[in-house]
There are 2 protein chains.
Amino acid sequence: MMKYSGQTRVLVAVDCIIFGFDGENFKLLLIQRGFAPQKQKWSLMGGFIQPTESLEVGAQRVLKQLTGLEGVYLEQIPAFSEPNRDPVERTIAVPYFALIDIQKYEAQLSTEYHAEWFLLTEMPNLIFDHQRMVEMAKMRLRYKAALHPILFELLPEKFTLPKLQTLYEKLYETTFDKRNFSRKVLSTGLLVRQEEKDKESSRKGAFYYKLDKEKYYDNFEAFLKFIPNPEKFLI
Amino acid sequence: MMKYSGQTRVLVAVDCIIFGFDGENFKLLLIQRGFAPQKQKWSLMGGFIQPTESLEVGAQRVLKQLTGLEGVYLEQIPAFSEPNRDPVERTIAVPYFALIDIQKYEAQLSTEYHAEWFLLTEMPNLIFDHQRMVEMAKMRLRYKAALHPILFELLPEKFTLPKLQTLYEKLYETTFDKRNFSRKVLSTGLLVRQEEKDKESSRKGAFYYKLDKEKYYDNFEAFLKFIPNPEKFLI
DNA sequence: CCAAAAGTGTTCACGATACACCCATGT
DNA sequence: ACATGGGTGTATCGTGAACACTTTTGG
């Protein structure tokens with residue numbers, strides 16, 4: 001097979017910034033790196049791109065290895081390509097942020113990678129430029145979620161409005177008026193109220209809601225703002 | 001030097017989707033590919049990433065080679081990484097869209113690449129998946145420009161409000177009310193009216209405006225909507 | 001004097017915000 | 001009975017959209 005001559009080939013890695021939400025706080029799934037350099041240090045889950053897979057497929061593979069989950073919400077963020085970002089060998093990293101339902105995950109946790117959930121606010125130091133990747137991912141998530149209904153990916157199938165509101169409040173480090181919030185969310189018609197209530201976090205109990213899957217997928221890329229004044233939060 | 005073992009290295013290319021605006025229509029700067037395969041076919045300007053440069057730097061280098069311009073507005077869009085997208089050898093392409101002032105360019109055009117401006121609506125067929133890259137870039141540009149004041153990058157230093165409006169109208173393939181448009185644009189305080197008028201395109205003449213550079217750079221990433229109902233245009 | 005494009009103000013409607021009370025229940 | 005969190009309605013304000021006439025001047 002013919003090749004392009006005189007050009008340098010480089011390693012390409014996908015690194016996953018895996019977000020979860022435990023009902024109270026944002027979490028990040030990190031692993032303890034199992035190989036040199038920086039063995040034992042905390043790191044994002046990642047892997048080198050294989051000859052037969054695209055970046056997207058590679059990221060899904062890496063996620064499946066760690067969490068057992070497939071079809072996870074993934075979004076590419078701009079590549080990290082400083083020539084010396086990896087001290088071993090030049091590696092271009094294409095980060096993906098992933099939104100997963102922390103409950104689905106728990107059962108499947110592989111012990112192979114020494115993975116652990118950290119509160120986003122209490123992250124350990126990470127190797128290389130992974131810290132910066134997390135920062136970028138957080139910014140991107142804030143941006144995207146201000147305009148599109150993607151945070152549902154972090155919630156279990158059934159969730160309550162107060163939980164949904166907490167989710168948004170934690171991401172934007174603010175509080176919202178619950179009357180306005182519920183009106184805005186319900187007006188999208190994306191949510192279906194269930195008979196059942198969640199009695200865990202209050203005496204009265206809060207109704208569970210499920211997504212109207214059809215409307216949800218139709219509106220996935222739609223422009224739905226759940227938070228007031230999004231411009232305040234967008235960079 | 002130590003290396004990661006057992007992994008495949010790949011070529012990484014940057015490809016530039018170069019947009020211009022001639023005062024009436026969007027244009028795209030394409031080159032006639034000078035090497036096999038698909039020699040002579042129209043293509044985006046691109047290049048392989050070099051050992052000492054980041055992707056961003058590589059894209060700027062490629063742009064400079066073709067146009068002579070430096071410090072051009074560039075934005076990365078998600079990588080194209082299908083294993084067989086380049087028939088010669090696996091290459092991951094990281095596309096950047098560039099917004100340039102078509103007037104600054106014209107003098108500097110290198111003849112080396114057989115470059116030519118095409119109307120965006122009358123593009124020839126492009127090699128590989130470059131067509132799809134242009135589509136993606138167009139979508140991204142529409143998205144970004146609906147929320148942030150980036151289209152000024154396409155205009156010369158002095159421009160008139162009617163030209164600015166035409167620019168937006170062409171991108172969104174619609175028309176806007178000029179009273180609302182000018183009010184909205186001027187209310188940002190980003191524009192400074194000049195004494196001079198452009199008498200080219202009307203008898204009465206239209207005032208030239210310049211950007212207030214300081215405010216512009218402050219608001220570069222700010223949330224400024226110049227078009228009504230942006231949600232209608234965002235995917 | 002006429003054609004062609006530039007420039008400008010007001011009204012209206014809707015969406016966004018602010019705000020406070022009652023409800024259900026477990027202890 | 002009371003403490004705790006859940007749920008709901010209304011009044012007001014401000015932003016965004018619709019809309020039409022006057023101005024300038026080259027021919």
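All values derive from a computational prediction rather than experimental measurement. Order of the sequence lines sets the chain letters (A, B, ...), proteins ahead of strands, with each chain counted from 1. All heavy atoms count here, side chains included; hydrogens, waters and symmetry mates do not.
B:E135 and B:Q131 are not linked by any side-chain donor-acceptor pair at a separation below 3.5 angstrom, with hydrogens and angles left out of the test. Of the N and O atoms on the side chains of A:Y216 and A:E214, not one donor lies less than 3.5 Å from an acceptor on the other residue.
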Nucleotide pairing, DNA chain D (Watson-Crick or G-U, distances under 3.5 Å), in dot-bracket with [ ] and |: |||||||||||||||||||||||||||
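Under the 6.0 Å distance and 45° angle rule, B:R85 does not count as a cation-pi partner of B:F80.
The distance from atom NZ of A:K199 to atom P of D:dG7 is 11 Å, rounded to the nearest whole Å. A:E196 has its CD atom 16 Å from the P atom of D:dG6, to the nearest Å. Rounded to a whole Å, the CZ atom of A:F181 is 14 Å from the P atom of D:dT8.
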Encode nucleotides 4-14 of chain C as B, S and - characters from 5' to 3', where the letter depends on protein heavy atoms closer than 4.0 Å: B to the base, S only to sugar-phosphate, - to neither. -BBBBBB----
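When each of B:L119, B:T121, B:L120 is checked for a side-chain contact (heavy atoms from CB on, under 4.5 Å) with B:F26, only B:L120 meets the rule. With A:F159 as the fixed residue, the ring pair (Phe, Tyr, Trp, His ring centres under 6.0 Å) test singles out one of A:Y209, A:F152, A:Y208: A:F152.
Using bins of under 30°, 30° to 60° and over 60° for the plane-to-plane angle, the ring pair B:F97/B:Y73 lands in the tilted bin. Note on ring orientation: taking the six-membered ring where Trp is involved, the planes of B:Y168 and B:Y172 are parallel (angle under 30°, cut-offs 30° and 60°).
One finds the CG atom of A:L29 at 12.0 Å from the OH atom of A:Y113 (value rounded to the nearest 0.5 Å).
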